[in-house]
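One structure below.
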Amino acid sequence: QVQRVESGGGSVQAGGSLRLSCAAGGYIFFKKWTAWFRQAPGKEREGVAAVFGAGVSPQYADSVKGRFTVSQDNAKNTVYLQMGSLKPEDTAVYYCAAGKVIGRGALREDAYSYWGQGTQVTVSS
């Protein structure tokens with residue numbers, strides 16, 4: 001199993017921004033799907049954004065489209081989630097996932113094999 005590490009979480013006021021990072025020492029992200037998921041207390045884990053590279057369009061949940069941007073830095077072997085215009089409903093633990101299975105949607109939880117420990121994002125009003 002590839003060890004994933006998320007960082008960049010924290011507490012911000014509504015309307016603010018945060019940038020999350022996902023890295024794995026021995027895993028190459030380019031031309032592989034990497035996704036961000038989030039889970040709030042009492043709610044199901046949901047896919048937020050997914051990135052592949054090589055000209056493939058990233059995918060976003062409708063709830064974050066236009067506010068969040070997922071990207072890759074191949075030189076640093078790191079995937080980012082830039083979160084802007086944050087809302088209290090964005091409060092959740094955010095997870096990075098990789099190792100996608102062929103034939104499953106990029107925002108499906110069961111599409112991925114490798115998961116990080118999660119980082120807390122709290123947005124206050």
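All values below come from the heavy atoms of this structure, side chains included, with hydrogens, waters and symmetry mates left out.
- When all heavy atoms of G105 and A111 are compared, the closest pair comes out as O-CB, 3.5 Å.
- Rounding to the nearest 0.5 Å gives a distance of 9.5 Å between CD of Q82 and OG of S21.
- Both L20 and Y114 sit in one connected hydrophobic cluster of ILVMFWY residues. Membership requires side-chain heavy atoms under 4.5 Å apart, directly or through other members.
- Looking only at distances, no side-chain donor or acceptor of Q72 sits under 3.5 Å from a matching main-chain atom of Y80.
- When every heavy atom of A23 is checked against every heavy atom of T78, the shortest pair comes out as CB-OG1, 4.1 Å.
- Rounded to the nearest 0.5 angstrom, K100 NZ and D110 CG are separated by 10.0 Å.
- From T34, atom OG1 reaches atom CG of L81 across 12.0 Å, with rounding to the nearest 0.5 Å.
- Checked by atom type and distance alone, the side chain of N74 never pairs as donor or acceptor with a backbone atom of N77 at under 3.5 Å.
- Residues Q59 and W33 are in side-chain contact: their nearest non-hydrogen atoms beyond the backbone lie under 4.5 Å apart.
- Using a 4.5 Å heavy-atom threshold, the side chains of V121 and T91 count as separate.
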Report task. Could you walk me through whether K87 and D90 pass the salt bridge (Lys or Arg N to Asp or Glu O under 4.0 Å) test, one step at a time? Result -> CA-CA 5 Å; K87 305 174 181 179; D90 294 319; over 6 Å; no
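- Under a hydrophobic clustering in which Ile, Leu, Val, Met, Phe, Trp and Tyr are joined whenever their side-chain heavy atoms come within less than 4.5 Å, directly or via other members, V12 and F68 fall into the same cluster.
- Closest approach of S17 and S85 over heavy atoms only: OG-N, 4.4 Å.
- Distance CG/L86 to OG/S124: 10.5 Å, rounded to 0.5 Å.
- Contact detail for A35 and A106: the closest heavy-atom pair is CB-O, 3.8 Å.
- The two residues G47 and A61 come nearest to each other via the heavy atoms O-CB, 3.3 Å.
- Under the ring-ring contact (aromatic ring centres under 6.0 Å, His included) criterion, F37 pairs with Y112, W115, not counting sequence neighbours.
- Smallest separation of non-hydrogen atoms from E6 and C96: OE2-N, 2.7 Å.
- By the 4.5 Å heavy-atom criterion applied to side chains, Q120 and Y94 are not counted as neighbours.
- For the side-chain contact (heavy atoms from CB on, under 4.5 Å) test with Y60, the passing option among T69, V51, V48 is T69; the others fail.
- The side-chain hydrogen bond (donor to acceptor under 3.5 Å, both in side chains) contacts involving residues 43-53 comprise R38-E46, Q39-R45, where partners must be two or more places apart or lie in separate chains.
- For W36, the ring-ring contact (aromatic ring centres under 6.0 Å, His included) criterion is met by no residue, not counting sequence neighbours.
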